[in-house]
Undergrad: 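I am attaching a structure below and will ask some questions about it afterwards.
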Amino acid sequence: MTAPVLSGEDPAAIRAAASLLRDGGLVAMPTETVYGLAADATSGAAVAALYAAKGRPKFNPLIAHVTGTGMAEALAVFTPLARKLAAAFWPGPLTLVLPRTTDCPVSELACAGLETLAVRAPAHPVAQALIQAFGGPLVAPSANPSGGVSPTQAGHVAAGLGERIGLILDGGPCRVGVESTVIGFDGNTPLLLRKGGLAREAIEAITGPLSAPDAASPKASPGMLQSHYAPRARLRLNAVAPEKGEAFLGFGTSKIADRNLSPDGDLQEAAANLFAFLRELDAGAVAGIAVAPIPDEGLGEAINDRLQRAAAPRDIA
Ligand code: AMP
Ligand code: MG
């Protein structure tokens, strides 16, 4: 049986979803970044069921979603800098990786055995309502089979995971469209662990220059697989024009495009369209998808990161 899709604006649907989560079930919820597959973060059984439904490797830790800093501070140890970032950007597309509190109730499986926990307060009203109604943290990786293109509409979730989960809350298309930016810390030095929906420049205005994680300590950024977000068709990046058999994903003034991420060259609009357009072109049984160059600034950094992973050889993952 495929999961029912209910409007996230209906309070009865939120109550039903919270009750399903209390019973260890899996609920897809809209966030402003992408749709997440939510489970009770404190239940080892629910978290194990989530990894199984997605086919997600167990070394790839999950983000605990909270209503705000009140709930987050019971789970993770905040430094003054982490508090400053949360005050500036929560609720929003920023994830902070911090040490677990000594009595952190989040399942160790969710943290892949690390002593740190990733926390985020999502800005979508439906996600906020669900966490509130549930009354505790929810882990919520993207609601798609592991390795595939992330869902930015309820229909994408139904197509990929409909048979494996309990309920889908529909909150319309995601406003940001790419996953959250993940920031970790080496002492007081902030590290950019994953480029995402909050632009580096906005964070650096508060922290100063962000460092890259030390390549010698892969534990700082586990789960960042080289092949990810991959459609069926092969991707060719920085293309000026399509070759035979290819669809063309344009940006800015491209005239020949089958889809244009943003005719005005607006990187926010491009991020919001990215995953839906990749899915649409992939559904057209094309041999490949050629993608126009995207400026590597602002949200363009996250778009290029996702495109590079989508284009990476598949045998690595
Ligand atoms: P997602 O797959 O979008 O739910 O994002 C989860 C990502 O957050 C993982 O793939 C990691 O890159 C990052 N992450 C989660 N927990 C941690 C952690 N404890 N330490 C470092 N990175 C983490
Ligand atoms: Mg994902």
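Just so you know, ligand 1 is whichever comes first in the structure, and atom 1 is the first atom listed for that ligand. Just so we're clear, the structure is a prediction, and the values are computed from it rather than from any experiment.
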Undergrad: I'd like to check which ligand 1 atoms, numbered from 1 as shown, lie under 4.0 Å from a non-hydrogen atom of R194.
TA: 1 (P), 3 (O), 5 (O), 7 (C)
Undergrad: Which of the atoms of ligand 1 are close to A118, meaning less than 4.0 Å from one of its heavy atoms?
TA: 15 (C), 16 (N), 17 (C)
Undergrad: Show me which atoms of ligand 1 lie under 4.0 Å from any heavy atom of N60.
TA: 9 (C), 10 (O)
Undergrad: Taking heavy atoms and a distance under 4.0 Å, where does T116 meet ligand 1: side chain, backbone, both or neither?
TA: both
Undergrad: The Mg ion (ligand 2) and S150: any N/O/S contact shorter than 2.8 Å?
TA: no
Undergrad: How far is atom 14 (N) of ligand 1 from its nearest protein heavy atom, and which residue and atom name does that atom have?
TA: P61 CG, 3.8 Å
Undergrad: Can you tell me which residue and heavy atom of the protein come closest to atom 20 (N) of ligand 1, and the distance to 0.1 Å?
TA: V97 CG1, 3.4 Å
Undergrad: Which heavy atom of the protein is the closest neighbour of atom 2 (O) of ligand 1, given with residue, atom name and distance?
TA: R56 NH1, 3.0 Å
Undergrad: Please report the C-alpha distance between E179 and S150 in whole Å, then the side-chain angles of each, then the deciding distance to 0.1 Å, and finally whether the side-chain hydrogen bond (donor to acceptor under 3.5 Å, both in side chains) criterion is met.
TA: CA-CA 9 Å; E179 292 78 357; S150 301; 2.4 Å; yes
Undergrad: Ignoring hydrogens and angles, state whether a donor on the side chain of R120 or T31 is under 3.5 Å from an acceptor on the partner side chain.
TA: yes
Undergrad: For E115, is there an ion pair with R100 - N to carboxylate O distance below 4.0 angstrom?
TA: no
Undergrad: Could you tell me how the ring of W90 sits relative to the ring of F78: parallel (under 30°), tilted (30 to 60°) or perpendicular (over 60°)?
TA: perpendicular
Undergrad: Between K195 and D305, does any NZ, NE, NH1 or NH2 come within less than 4.0 Å of an OD or OE carboxylate oxygen?
TA: no
Undergrad: Charged N to carboxylate O below 4.0 Å: is that the case for R83 and E73?
TA: yes
Undergrad: Can you sort out which atoms of ligand 1 are near L114, meaning under 4.0 Å from one of its heavy atoms?
TA: 18 (C), 19 (N), 20 (N)
Undergrad: Verify whether one side chain among D40 and T42 offers a donor that lies under 3.5 Å from an acceptor in the other.
TA: yes
Undergrad: How far is atom 22 (N) of ligand 1 from its nearest protein heavy atom, and which residue and atom is that?
TA: P222 CD, 3.7 Å
Undergrad: For Q132, look at atom CD and say whether over 12 heavy atoms of other residues, nucleotides or ligands are found less than 6.0 Å away.
TA: no
Undergrad: Which residue owns the protein heavy atom closest to atom 21 (C) of ligand 1, what's the atom, and how far is it?
TA: A220 O, 3.3 Å
Undergrad: I need the atoms of ligand 1 closer than 4.0 Å to a non-hydrogen atom of P141, numbered in the order shown.
TA: 4 (O)
